[in-house]
Number of protein chains: 2
Amino acid sequence: MNSNITIYDVAREAAVSMATVSRVVNGNPNVKPSTRKKVQDAIDQLGYRPNAVARGLASKKTTTVGVIVPDISNIFFADLARGIEDVATMYKYNIILCNSDQNPEKEIHLLNTLLGKQVDGIIFMGGRLHEDLVREFKTSPVPIVLAATLNQDYDLPAVNIDYESAAHDAVKSLIDNGHKRIGFITGPLEQQINGEKKFAGYRSALEEANLPFDEQNVVLGNYTYDSGMKAMNQLLELGDACPRAIFAGTDEMALGVIHALQDAGHQVPEDFEVIGHDNTRLATMIRPKLTTVVQPMYDIGAVSMRLLTKILNKEEIETNDVTLPHRIEQRDSTRS
Amino acid sequence: MNSNITIYDVAREAAVSMATVSRVVNGNPNVKPSTRKKVQDAIDQLGYRPNAVARGLASKKTTTVGVIVPDISNIFFADLARGIEDVATMYKYNIILCNSDQNPEKEIHLLNTLLGKQVDGIIFMGGRLHEDLVREFKTSPVPIVLAATLNQDYDLPAVNIDYESAAHDAVKSLIDNGHKRIGFITGPLEQQINGEKKFAGYRSALEEANLPFDEQNVVLGNYTYDSGMKAMNQLLELGDACPRAIFAGTDEMALGVIHALQDAGHQVPEDFEVIGHDNTRLATMIRPKLTTVVQPMYDIGAVSMRLLTKILNKEEIETNDVTLPHRIEQRDSTRS
DNA sequence: TTAGCGAATGAAAACGTTTTACAATGAGGG
DNA sequence: CCCTCATTGTAAAACGTTTTCATTCGCTAA
């Protein structure tokens, strides 16, 4: 029952003042080795465990950071969270994890809850930055970094990949395989990442190859497997005009695409080529294995957290806006 | 910049004492409506946000619970976490999430960190309860509930399904389809859940049908896709003696099994039947769709958290050891 | 010796709440 | 009209640390 044992009990046991105990606990060098030992023994004997809440109140640091993600049960965000947590652990931070479901009100509410809990910093991921949210971000008393979240109109610290160029590369690889019509199955266009970045990459690859843009080749999904299937089936209805190469905005949609194709009796990659986005674990759990754009979520999480620690430690920072490299992982859903 | 605004500032602004402000903030009914409004106005105007750390110190409650899981990036645990978080939110708690990687030392360390942070309770999930850990659990100053974690030798609050009977049902369904030899691809046997529960279910189903137990039909995996493939390939080497019906300990291994089979030119479910365990989202993202035992991780998380709140509120509790129902979801990897 | 100095220690004041113990005010009953 | 009892508000003591500032101690150098 080592609860209710305070620094004061330890001080009494070791016959020193609480200030000295505090010094020992915090590794302050100004303590005579013999005293240090005496205190340490008292700590061990009593099973003293410092109260982080009291510590937080006195020091105004909680060694806790808030993490807001859309939905931790999604493998994609879970990977991000793991990257964040690993680096947090490395720097002795804990994380308070919150799910926003991309709901703007909930996002603001969570932000305020976290600030109330006096977190030392926050890592945020969301699809669209509502302006009310940005306003709160700007007045936040603690630093906030954006992970895999677009930020072009503001200047908040952020970690991303270059989505436009990634999409460009993906589509180009399809074009290089001789396709003239490329299907694009995307998430909601309101989200900058889709509506501006990936879409722009898609179009620029087309233009570069002097291929016409045809609206009927782009179909909306909502990131899920089912929406991928549905989108592909819609494309299939185009008959002869149906594109034979598909770029899907997420791996999960890409799986849906492949299965829709297979269910319709087509062969991937012989009849249709498919390329996904994200390189989640799913990509290797399908036959054919999925060629995909790798968006390194774990790394984005890790780098975000590292960036946050740099800000917290007031370390020198080259740039607030980090762009991580991307690449295409060639597997079997495309012809090499 | 609504930081550094304290309850005292609000009190001054509203011309009342800080205790009155505290009453308003905490919804204490003993405040005259006119006063309440005056205080509320001051709060709004100043943008006052109560400091949860100070509150925690004074009240000895942090409205925060610790969650220890093996690895949040695994879809299985992520689902659990989501269930926990949803119910936590419902009861105004936040969660501090930690990954243990099933490392016994890390588990103990995390437990101590969380206790240091004065969490109001803890939800723990792990594969094997090391006795040192259990000792710490027993002396914990706050309640701990086990989620999807076996607990038979101790009497800690826990939420599980009946793994033995679930495995029994799965194997029986295979036997009912006429199979005499049933393969069992399992996770590490040191973990009670495998070595005792699921394994016992497997054997009892065999016995019940007067089928012989043959050791070469059970193969060890480590929960992953790759280990599932490998295990199936090992079984395949048995040639004619290879079981034509497989019960895999996790969905991910089941996917590996199916792909190993398909890669070897076999048809599922025509030549081989496969049944998985957990019913993760993966199950529907494979062809054929996976028949699987549903272990409702989200529900287990939600119920665990609910149980914890009951303990925290000192509500009446029927039983500490909750067993949730399981069932088999029939899909296409088995013949109906 | 002793003045002077740095290192080691201690005392006490924050930190921002909740909570307790009272005091003041107001209303109702005799 | 006074007394009592609610009701509402106030003051101050926790809560368990960190941190600042002062003090003491033990040496070194003069």
Side-chain angles (χ1 to χ4, degrees), chain A residues 1-40 42-43 46-64 92 113 115-120 141-142, chain B residues 2-40 42-43 46-64 113 115-120 141-142:
Chain A
M1 207 58 51
N2 42 17
S3 210
N4 67 359
I5 290 188
T6 74
I7 199 173
Y8 190 73
D9 297 318
V10 176
R12 180 151 21 86
E13 178 78 14
V16 297
S17 74
M18 56 190 294
T20 300
V21 178
S22 174
R23 288 193 184 95
V24 171
V25 170
N26 294 292
N28 183 317
N30 286 344
V31 179
K32 193 162 49 172
S34 68
T35 310
R36 181 182 303 279
K37 171 153 187 0
K38 207 167 54 174
V39 171
Q40 192 57 56
I43 288 177
L46 265 39
Y48 167 69
R49 179 192 295 132
N51 180 323
V53 172
R55 215 197 271 236
L57 182 58
S59 69
K60 294 174 168 289
K61 302 216 171 306
T62 54
T63 61
T64 301
K92 317 268 188 219
T113 303
L115 292 178
K117 295 228 166 170
Q118 312 299 116
V119 293
D120 294 338
V142 300
Chain B
N2 42 17
S3 207
N4 66 4
I5 290 189
T6 74
I7 199 173
Y8 189 73
D9 297 320
V10 176
R12 180 153 21 88
E13 178 78 15
V16 297
S17 74
M18 55 189 295
T20 301
V21 178
S22 175
R23 287 199 183 94
V24 171
V25 170
N26 294 292
N28 182 314
N30 285 347
V31 179
K32 188 162 55 173
S34 68
T35 309
R36 179 181 304 279
K37 171 154 185 358
K38 208 167 48 175
V39 171
Q40 191 57 56
I43 288 177
L46 265 38
Y48 167 68
R49 177 192 296 132
N51 180 323
V53 172
R55 213 198 274 236
L57 182 59
S59 68
K60 293 173 168 289
K61 302 214 171 308
T62 55
T63 61
T64 301
T113 303
L115 292 178
K117 294 227 167 172
Q118 313 298 116
V119 294
D120 294 338
V142 300

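The basis for the numbers below is simple: all heavy atoms, side chains too, and nothing from hydrogens, waters or symmetry mates. In what follows, chains carry the letters A, B, and so on, assigned in the order in which the sequence lines appear, proteins first and then strands, with residues in each chain numbered from 1.
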Trainee: On DNA chain D, reading 5' to 3', which nucleotide is the first and which the last to sit with an atom under 4.0 Å from a heavy atom of chain B, could you check?
Mentor: dG9(D) to dG16(D)
Trainee: Taking side-chain contact (heavy atoms from CB on, under 4.5 Å) as the definition, give me every residue that meets it alongside Ala42(B), ordered by chain and number, with sequence neighbours left out.
Mentor: Val10(B), Glu13(B), Ala14(B)
Trainee: Which comes earlier along DNA chain D counting from the 5' end, the contact point of Arg23(B) or that of Arg23(A), where each point is its nearest nucleotide?
Mentor: Arg23(B)
Trainee: Of the non-hydrogen atoms in Ala52(B) and Gln118(A), which two are nearest, and what is the gap between them?
Mentor: N-OE1, 4.4 Å
Trainee: Rounded to the nearest angstrom, tell me the gap between atom OH in Tyr8(A) and atom P in dA12(C).
Mentor: 11 Å
Trainee: Show every side chain to side chain donor-acceptor pair (under 3.5 Å) that has at least one partner inside residues 51-64 of chain B, sequence neighbours left out.
Mentor: Lys117(A)-Thr63(B), Lys117(A)-Thr64(B), Asn26(B)-Arg55(B), Thr62(B)-Asp120(B)
Trainee: Walk me through it: do Val25(A) and Ile43(A) pass the test side-chain contact (heavy atoms from CB on, under 4.5 Å)?
Mentor: CA-CA 9 Å; Val25(A) 170; Ile43(A) 288 177; 3.9 Å; yes
Trainee: Look at all strands and tell whether Val25(A) reaches a base, only sugar-phosphate, or nothing, counting heavy atoms closer than 4.0 Å.
Mentor: nothing
Trainee: Take the C1' atoms of the five end pairs on each side of the helix from dT1(C)-dA30(D) to dG30(C)-dC1(D), derive the two axes, and give their angle rounded to 10 degrees.
Mentor: 50°
Trainee: Can you measure Ile7(B) atom CD1 to dT18(C) atom C1' for me and round it to whole angstrom units?
Mentor: 8 Å
Trainee: Of all the heavy-atom pairs spanning Gly116(A) and Arg49(B), show the shortest one and how long it is.
Mentor: N-CD, 3.5 Å
Trainee: Phosphate oxygens OP1/OP2 of dG10(C): is one of them under 4.0 Å from a side-chain N or O of Thr20(A)?
Mentor: yes
Trainee: Taking for each residue the nucleotide of DNA chain D bearing the nearest heavy atom, is the 5' side occupied by Val16(B) or by Ala54(B)?
Mentor: Val16(B)
Trainee: With sequence neighbours excluded, what pairs up with Lys32(A) under the side-chain hydrogen bond (donor to acceptor under 3.5 Å, both in side chains) test?
Mentor: none
Trainee: Between atom CE in Met18(B) and atom P in dT19(C), what is the gap in whole Å?
Mentor: 12 Å
Trainee: Need to verify one output field. Residue with the more 5' nearest nucleotide on DNA chain C, Ala58(B) or Ser17(A)?
Mentor: Ser17(A)
Trainee: Rounded to whole Å, please give me the gap between NZ in Lys38(A) and C1' in dG10(C).
Mentor: 13 Å
Trainee: Applying side-chain contact (heavy atoms from CB on, under 4.5 Å), can you list everything that pairs with Arg23(A), at least two apart in sequence or on another chain?
Mentor: Ala19(A), Thr20(A), Asn28(A), Val31(A)
Trainee: Please determine whether a side-chain nitrogen or oxygen atom of Ser59(B) lies at a distance below 4.0 Å from atom OP1 or OP2 of dT18(C).
Mentor: no
Trainee: Which heavy atom of Val24(A) sits nearest a heavy atom of Arg36(A), and at what distance?
Mentor: CG2-CA, 4.1 Å
Trainee: Which pair of heavy atoms, one from Ala54(A) and one from Leu57(B), lies closest together, and at what distance?
Mentor: CB-CD1, 3.7 Å
